[in-house]
**Q** 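Quick one: the structure is below, questions incoming.
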Protein chains: 2
Amino acid sequence: MSQKIFVSAKEVADLAGVSRSAVSRTFTPGASVSKETRRRVMEAAEALGYHVNHLARGLMRNESGIVCLIVSEMDTPYRASLIRAISRHLQNASKIAMLINTDRSDRSVDEALKLAISYRADASIVLSGMPDKSITDLCVKSGQRLVLINRDEERQGALMINLHDREAARRGFIAFQRAGCRSFAFANSDVGTPSLMAREEGFRAAGQEFGLDVTVERFGPTRYQSGVVLAQRLLTREVRPDAIFCANDLLACGVMDTARHQFKLAVPCDLCVIGFDDIEQSSWSSYQLTTFAQPVDRIAEEAVSWLSQPMTDSGQFCRMTADLVWRESVKGG
Amino acid sequence: MSQKIFVSAKEVADLAGVSRSAVSRTFTPGASVSKETRRRVMEAAEALGYHVNHLARGLMRNESGIVCLIVSEMDTPYRASLIRAISRHLQNASKIAMLINTDRSDRSVDEALKLAISYRADASIVLSGMPDKSITDLCVKSGQRLVLINRDEERQGALMINLHDREAARRGFIAFQRAGCRSFAFANSDVGTPSLMAREEGFRAAGQEFGLDVTVERFGPTRYQSGVVLAQRLLTREVRPDAIFCANDLLACGVMDTARHQFKLAVPCDLCVIGFDDIEQSSWSSYQLTTFAQPVDRIAEEAVSWLSQPMTDSGQFCRMTADLVWRESVKGG
DNA sequence: GAAACTTTTGCACACGCTTGCAAGAGCGAG
DNA sequence: CTCGCTCTTGCAAGCGTGTGCAAAAGTTTC
């Protein structure tokens, strides 16, 4: 191990000819220091390359400034853009994001939260998986803030951010109807994430409401390749759907590509497609996918601003609506 | 501010009826504790929900376990997958990733490194921008490890990971020639990142080597939309290129889409395209892009494993080769 | 049973910082 | 000059750990 030799407040104090407290106060907003002392301290700090040790500060203040982001498959477009938005908002709030990768297993979300506790994170934001209740209770009991995004299960003391998934799916169904579609399908992954299931149920319920059949197909993880398989299954049915609602844009891209290249179908003429998330690729001219946009920036803003609000004992729900972005994958926008 | 009340080693010690040192040793691998004491400590810790305070431990050991990832535009596919790979390798090495977003300005890379120092990070990995020499010197002097990925500028005491960009570009040129192309172009962004410029120069040099003209166009950030503009400029030239090497896959996607949809060109018949990075989208059937693959996982592995190796004074270079992934965007792979 | 040795344990200090407290410095009013 | 006031400053305690040191406990050997 390399010997680290960071410069400490003591050294700055010695060089500036003041006490350690003085340099501490210089770097503490709102503390009482004279103009002159501050100048000398800053000068000495600059010369030595001094930077306050946030670890020690966190230890004293009982507030580390660290916020853990717990996420799997973080290279997925939607996840990546959410991470980006959150990290930006955190930095604006003078906090810092710690990234915990939970790719390995579902249990690893619990491990992640323990890590968050170990680093005395001020808060944790969970984007993937669902932690065990005993762990979230421990977090909350320890005074950590906890935000669950698209998890849709109640946890005491946490903020739960969700979308109106069911209602969005219903709006999607109606859009298909307006476009003159007659045979409706829902393409889902088989991971069973609450928000994905809510979309499926919403779409199904809409079918029931209008007395129309909905075929549902589920397969694999929520990725492009699953979309390929789903399209192959759906488009070889005896009655071929002319409308497919995909649980997410990645699936939709796979579905569209397969419909076009393998089945030689034209979108939207032969097949209408709607997705969910509004990832960047959906706007590319190969797709021009009509989709529901996740309000990524608002989610990030809501999550971060909640972190600095006074704690309430009960859990708090925050439901946002996903706006439908009209492009070319549905007839007659 | 919420009052945080984490349980400390003292409380565990009291409950277990041992000294505080005992519990400290229980959680220190290789320390001397009897089987019996360890059991009682673990029991008490479990009951109270105790977790070692990594902040305090870092303070004592002078080793925080934190590694800063300094990156802008982290929702870009290549960046996102690199971040994912690095975070996974870090966790395997019992370290934790701190994510610093430098979207705002180039100066903010320096700010990011100062933040890394403040949190006494064991190391920083720079994926975007180029920090000022005075800052990197301070990092190294403080005993921090520093990894620069695709930055291609020497820094004392740092590990610099780069690809053989020029050579790859040359191989690309030859592939175009074999495919029977006659009019060569290079599509670049105008951000001037060293690795992007190296690819451009390599391609240019190859043209010179074979006595063939290369037209170069630069525009905007390194994104899809810039690819659209670049295609529009290149494909309206009096002599239309039939081979375009794109500095990266995102540009290539924009170029391909525009060539096909706006100019009604067939790829690869009318136009051959090569990209760089091998992002996921390149394998989607709408693109089937022939491209040079960044060895993302090897980069991450190399970076992380270097962190635990003894420090050398001089900088260290690590050059990897990008393998050409043959798909359908060049004739006759 | 005692000596020689190993293993375990508690004490106390150190890490770098914040902050309450009381003493000091400056200053205008009387 | 002295009193009372405000603004600064240093002292020292404390945050939750790790670890060297010496004492205590346990184990082996003769």
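Here is the naming used below: chain letters follow the sequence lines, and residue numbers restart at 1 for every chain.
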**Q** Show each protein N/O and nucleotides 18-20 of chain D N/O combination with a separation under 3.5 Å, one pair to a line.
**A**
from	atom 1	to	atom 2	distance (Å)
D:dG18	OP1	B:Arg57	NE	2.5
D:dG18	OP1	B:Arg57	NH2	2.8
D:dG18	OP2	B:Ser24	OG	2.3
D:dG18	O6	B:Arg20	NH2	2.6

**Q** For A:Ser94, enumerate each residue passing the side chain to side chain donor-acceptor pair (under 3.5 Å) test, keeping only those at least two apart in sequence or located in another chain.
**A** none

**Q** Checking B:Ser72 against B:Ser128 for the side-chain hydrogen bond (donor to acceptor under 3.5 Å, both in side chains) test, could you report, in this order, the C-alpha distance in whole Å, the side-chain angles of both residues, the deciding distance, and whether it holds?
**A** CA-CA 6 Å; B:Ser72 64; B:Ser128 311; 3.3 Å; yes

**Q** Got a list of side-chain donor-acceptor pairs under 3.5 Å for residues 81-92 of chain A, not counting sequence neighbours?
**A**
from	atom 1	to	atom 2	distance (Å)
A:Ser81	OG	A:Pro77	O	3.4
A:Ser81	OG	A:Tyr78	O	3.0
A:Arg84	NE	B:Asp103	OD2	2.6
A:Arg84	NH1	B:Asp75	OD1	3.0
A:Arg84	NH1	B:Asp75	OD2	3.2
A:Arg84	NH2	B:Asp103	OD2	3.1
A:Ser87	OG	A:Ile83	O	3.4
A:Ser87	OG	A:Arg84	O	3.0
A:Ser87	OG	B:Asn101	ND2	3.0
A:Arg88	NH2	A:Asp297	OD1	3.1
A:His89	ND1	A:Ala85	O	3.1
A:Gln91	OE1	B:Asn101	N	2.8
A:Gln91	NE2	B:Asn101	O	3.1

**Q** My understanding is that only residues two or more places apart in sequence, or in another chain, count here; which of them pass side chain to side chain contact (heavy atoms under 4.5 Å, CB included) with B:Ser21?
**A** B:Ser19, B:Arg25

**Q** Keeping to residues at least two apart or across chains, list the salt bridge (charged side-chain N to carboxylate O under 4.0 Å, His left out) pairs with something in residues 40-62 of chain A.
**A** A:Arg39-A:Glu43

**Q** Just jot down the salt bridge (charged side-chain N to carboxylate O under 4.0 Å, His left out) partners of B:Glu73, sequence neighbours excluded, or say none.
**A** B:Arg223

**Q** Strictly below 4.0 Å, heavy-atom distances to any atom of DNA chain D: list the hits from residues 32-41 of chain A, or just say none.
**A** A:Ser32, A:Val33, A:Ser34, A:Thr37

**Q** Rounding to a whole Å, what distance do you find between A:Asn53:CG and D:dC15:P?
**A** 18 Å

**Q** Who pairs with B:Lys114 by salt bridge (charged side-chain N to carboxylate O under 4.0 Å, His left out), at least two apart in sequence or on another chain?
**A** none

**Q** Please list, chain by chain and in numerical order, all residues satisfying ring pair (Phe, Tyr, Trp, His ring centres under 6.0 Å) with A:Phe27, sequence neighbours excluded.
**A** A:Tyr50

**Q** Under a criterion of less than 4.0 angstrom to any heavy atom of chain B, what are the 5'-terminal and 3'-terminal contacting nucleotides of DNA chain C?
**A** C:dT8 to C:dG16

**Q** What donor-acceptor contacts under 3.5 angstrom involve side-chain atoms of residues 130-139 of chain B, with partners at least two apart or in another chain?
**A**
from	atom 1	to	atom 2	distance (Å)
B:Asp132	OD2	B:Ser134	N	3.1
B:Asp132	OD2	B:Ser134	OG	2.8
B:Lys133	NZ	B:Asp137	OD1	3.3
B:Lys133	NZ	B:Asp137	OD2	3.0
B:Thr136	OG1	B:Lys133	O	2.9
B:Thr136	OG1	B:Arg155	NE	3.2

**Q** Checking B:Asn162 now: which residues fulfil side chain to side chain donor-acceptor pair (under 3.5 Å) with it, not counting sequence neighbours?
**A** none

